[in-house]
Amino acid sequence: MSAKYIYSFDEGNKELKELLGGKGANLAEMMRIGIPVPPGFTITTAACKEYLQNKELSLEIELQITKALRNLEDQMQKRLGDKNNPLLVSVRSGAKFSMPGMMETILNVGLNDQSVEGLISQTNNPRFAWDAYRRLIQMYGKTVLDLDNHLFSLELERIKKSQGTEIDHELSVESLKDLVVKYKSIIKKETGSDFPQNPRVQLDTSILAVFNSWNTDRAKLYRRRERIPDDLGTAVNIGTMVFGNMGNDSGTGVCFTRNPATGESGVYGDYLQNAQGEDVVSGIRNTLSLEELNKIAPETFNQLTEIMYKLETHYRDLCDIEFTIERGKLWILQTRIGKRTASAAFRIATQLVDEHIITMDEALLRVSGLQLSMLLFPQFEKKLAPPALTKGMAASPGAAVGRAVFDSSTATEWAAKGESVILIRRETNPDDLAGMLASVGILTSRGGKTSHAAVVARGLGKTAVCGAEEIEVNENGKFALIRNIQINEGEYLSIDGSTGEVFNSKIPVSPSSVVQ
C-alpha cells in the first residue's frame, strides 16, 4: 500500500506537526474544534523530503494531489481555472517550526485570462477580479520565478502616479488591466516564457517552489540560529481562497490574544479594510487597530474576540492568528503559538499561572536563559536625550544605538567588522532576514505592530520601531528624510522600542530596571 502524502484539513490534529507542519496541524486542529477555516489540504513533509532527495515529484504524489484537488473542487462545487465558476487556492509553506525565512504565500492560484472573466461574473465586481489577477502574477513572479519584486513595485508606482492616486485599492479597472499586461511582459522579458495560463501548472510549480524554499540561504541561516534540524522538510498547505479585497465590508488582519511586546492582556492586532493576504504583514499600508474594527463591524469583532479566547484556552498560550473578512463573513487562515519579547514571555507565563491555565512547572519551562539575559539589556537615559526626531509604533522593546544602514548586505558587512547598525527600510520582507539578524535595531516607515519587521524583531529579541510615517526612506540613495532633516548612511541613530521614539544622535544608556 502506498504512503499517504496528502491530508485534508479535516483529517489531522495539532499533534501531527512533524508530518503536517505547524500551519497544517493547526488548521486541522481549528477545523476539529469548530473554528471557521476555508477548506483545503496539506501535502506532508514526507513528500518534501522525498522530492528534495529525488529532485522530482513521484507519480504517486502527483496522483494524490490530483485526487485531493478534485475532492476540494467537488466540495466547493467549483473547478480550478474554470472560465465560468473558478476555484482559486492559496499555496503556503508550513514547517514544523515557524520560520521567518520560509517562502511567502502565493494567493489566487487558478486565475488566468479566461477565469478572471468567470470571477467577474461570479462576484459582479470587475475591479476585485483584476486586482486579484495582478496580485497572482506579481506573487508568482517574485516567489516562484525568483524575480526582483522591485520590477513589479516600480510598475505599480508608475501606474498609481499616472492615475493620480497613492493607494492601491483606489486603482481603476483600466489601471489594473494595464498592470496585468505590464506584469506579464516583465515575466516574459525576464524569463523568456509567458506567465502560465494552465492553472495546474501554476499549482504544481508553486508547490515545488515551497519545497525548494526549505534550502534557501535565509532558511538555512534561520535554522542555524534557532538550532532547527535541516532534515525536517516543510509541508505545503493548499487552501480555498477567501477574499478581503472585495470592498469596505471585507479586509484582512493579524491579531494576538495578548500583547506580544509587553505581555498585557487585551485585544492586540492590526486590520486593513479592502486588502488581501500579505498586505498586513508586508507593511505596504499602515493599518487600523482592532478597536477601529470594532467600530466598523462590531458583530464580526465580537466573533473574532470569542475565537481568540477559545484558541488561547485550547492551546493554553499566547496565539498569533491571521484572519480574513469576506463580505462580512469571518474566516481564520492560521493560528500558531505567538513569538514574544523576553519581558512578555515572563509576564504571560505568570498570568497564565494566575488564571489557572498552566502550572508553575509549565511556566518555568516556557522561559529560557536567553530570554532572561534579554531582560538585562540597558535602557536609554531619557533625561540626557534631546527631543525625539519622530515617533512610530513601539513594536519590540529595548534601546538600540547604531549607525544607519539601508540594506541587508551593508548591515551584515558592517556588523562583521564590529559596528552596531540600525537597519532602516520602508518595510521588511523575508529577504531582509540576514540584515535583521546583524542589526541591533530595525526602523521602518510603514507597517504596524503585526508587520513582518515587528514579528521577526520580537522573535529575534531585536529592538524595533515600525510605521514611523514621517520618515521618507530612499533605499537606493541610502538616506532618509524626516521633514527637512536628512539621515545618511553611517550616521548615528537611537531608537526606543518601548516608546517608538527615534533620535538622530547617540543617547547614553543605563542598566535595565531588572539589573538596578
Side-chain angles (χ1 to χ4, degrees), residues 17-18 20-24 42-57 90-107 109 138-153 187 190-191 202-238 277-278 281-283 334 336 339 407-413 415-416 423 425 427-439 442 451-453 455-457 459-460 462:
K17 282 187 179 173
E18 193 125 340
L20 303 179
K23 198 169 290 178
T42 300
I43 306 168
T44 63
T45 56
C48 175
K49 287 188 266 194
E50 188 178 302
Y51 165 77
L52 292 175
Q53 187 177 346
N54 300 329
K55 303 292 186 283
E56 62 178 5
L57 279 185
S90 60
V91 179
R92 288 180 160 91
S93 64
K96 179 181 179 182
F97 301 104
S98 175
M99 289 173 51
M102 287 300 289
M103 196 189 89
E104 292 167 82
T105 298
I106 306 166
L107 304 176
V109 171
Q138 180 173 1
M139 285 185 244
Y140 188 90
K142 180 190 174 192
T143 307
V144 178
L145 303 177
D146 203 26
L147 300 182
D148 184 351
N149 193 48
H150 200 52
L151 297 168
F152 299 101
S153 55
I187 287 176
E190 296 295 321
T191 68
Q202 292 175 15
L203 181 64
D204 288 347
T205 50
S206 298
I207 291 166
L208 297 186
V210 173
F211 286 160
N212 288 324
S213 74
W214 179 253
N215 282 329
T216 58
D217 290 341
R218 68 191 190 207
K220 289 177 181 174
L221 176 70
Y222 187 80
R223 287 203 295 274
R224 273 201 306 276
R225 186 187 186 279
E226 297 295 316
R227 295 182 173 83
I228 295 170
D230 282 327
D231 60 356
L232 294 177
T234 180
V236 185
N237 299 290
I238 312 296
E278 302 294 297
V281 289
S282 69
Q334 77 167 61
R336 58 190 171 196
K339 295 187 186 301
D407 62 82
S408 280
S409 58
T410 306
T412 50
E413 185 188 323
L423 180 65
R425 305 285 286 163
E427 69 267 347
T428 64
N429 63 55
D431 292 332
D432 292 313
L433 182 64
M436 295 174 82
L437 281 166
S439 305
I442 296 115
S451 64
H452 178 270
V455 172
V456 175
L460 298 176
K462 304 283 183 180

Measuring only between side-chain heavy atoms, which start at C-beta, is [X] closer than 4.5 Å to [Y]?
| X | Y | result |
| --- | --- | --- |
| Arg218 | Leu437 | no |
| Leu52 | Cys48 | yes |
| Thr45 | Thr234 | no |
| Leu460 | Arg225 | yes |
| Ile207 | Tyr51 | no |
| Leu107 | Arg92 | yes |
| Thr105 | Met139 | no |

[X] side, atom [atom1]; [Y] side, atom [atom2] - distance, nearest 0.5 Å:
| X | Y | atom1 | atom2 | answer |
| --- | --- | --- | --- | --- |
| Leu203 | Ile238 | CG | CD1 | 5.0 Å |
| Thr428 | Leu423 | OG1 | CG | 8.0 Å |
| Ser93 | Asn212 | OG | CG | 12.5 Å |
| Ser98 | Gln334 | OG | CD | 7.5 Å |
| Ile442 | Ser451 | CD1 | OG | 10.0 Å |
| Leu208 | Glu56 | CG | CD | 10.5 Å |

Check your understanding: Does the pair Trp214 and Met99 meet the rule for a side chain to side chain contact (heavy atoms under 4.5 Å, CB included), with working shown?
Key -> CA-CA 10 Å; Trp214 179 253; Met99 289 173 51; 3.7 Å; yes

Review point. Could Lys49 and Asp231 be called an ion pair, given the rule that one side-chain N must be under 4.0 Å from one carboxylate O?
Key: no

**Study point:** Salt bridge flag under 4.0 Å for residues Asp230 and Lys220
**Key:** no

Exercise for review: Say whether, by atom type as modelled, one donor and one acceptor occur between the side chain of Thr143 and the main chain of Tyr140 under 3.5 angstrom.
Suggested key: no

**Study point:** Working for side chain to side chain contact (heavy atoms under 4.5 Å, CB included), residues Asp432 and Arg425
**Key:** CA-CA 9 Å; Asp432 292 313; Arg425 305 285 286 163; 3.5 Å; yes

Point to revise | Pairs flagged by salt bridge (Lys or Arg N to Asp or Glu O under 4.0 Å) wherever residues 140-151 is involved - sequence neighbours left out | key: Glu104-Lys142

For [X] and [Y], which heavy atoms make the closest approach, and how far apart are they?
| X | Y | answer |
| --- | --- | --- |
| Ser206 | Val109 | OG-CG2, 4.3 Å |
| Gly233 | Ala95 | O-CB, 4.1 Å |
| Thr42 | Ala235 | CG2-CB, 3.8 Å |
| Asn237 | Gly24 | OD1-CA, 3.2 Å |
| Val210 | Ser213 | O-OG, 2.6 Å |

**Study point:** Stepwise side chain to side chain contact (heavy atoms under 4.5 Å, CB included) test for Ser439 and Lys462
**Key:** CA-CA 8 Å; Ser439 305; Lys462 304 283 183 180; 5.7 Å; no

Exercise for review: Start with the C-alpha gap between Val456 and Tyr222, add the side-chain angles, then the distance that decides, and say whether side chain to side chain contact (heavy atoms under 4.5 Å, CB included) holds.
Suggested key: CA-CA 11 Å; Val456 175; Tyr222 187 80; 5.9 Å; no

Practice item. Would you indicate whether Asp217, at its atom CG, is surrounded by more than 12 heavy atoms from other residues, nucleotides or ligands within a distance under 6.0 Å? Key: no

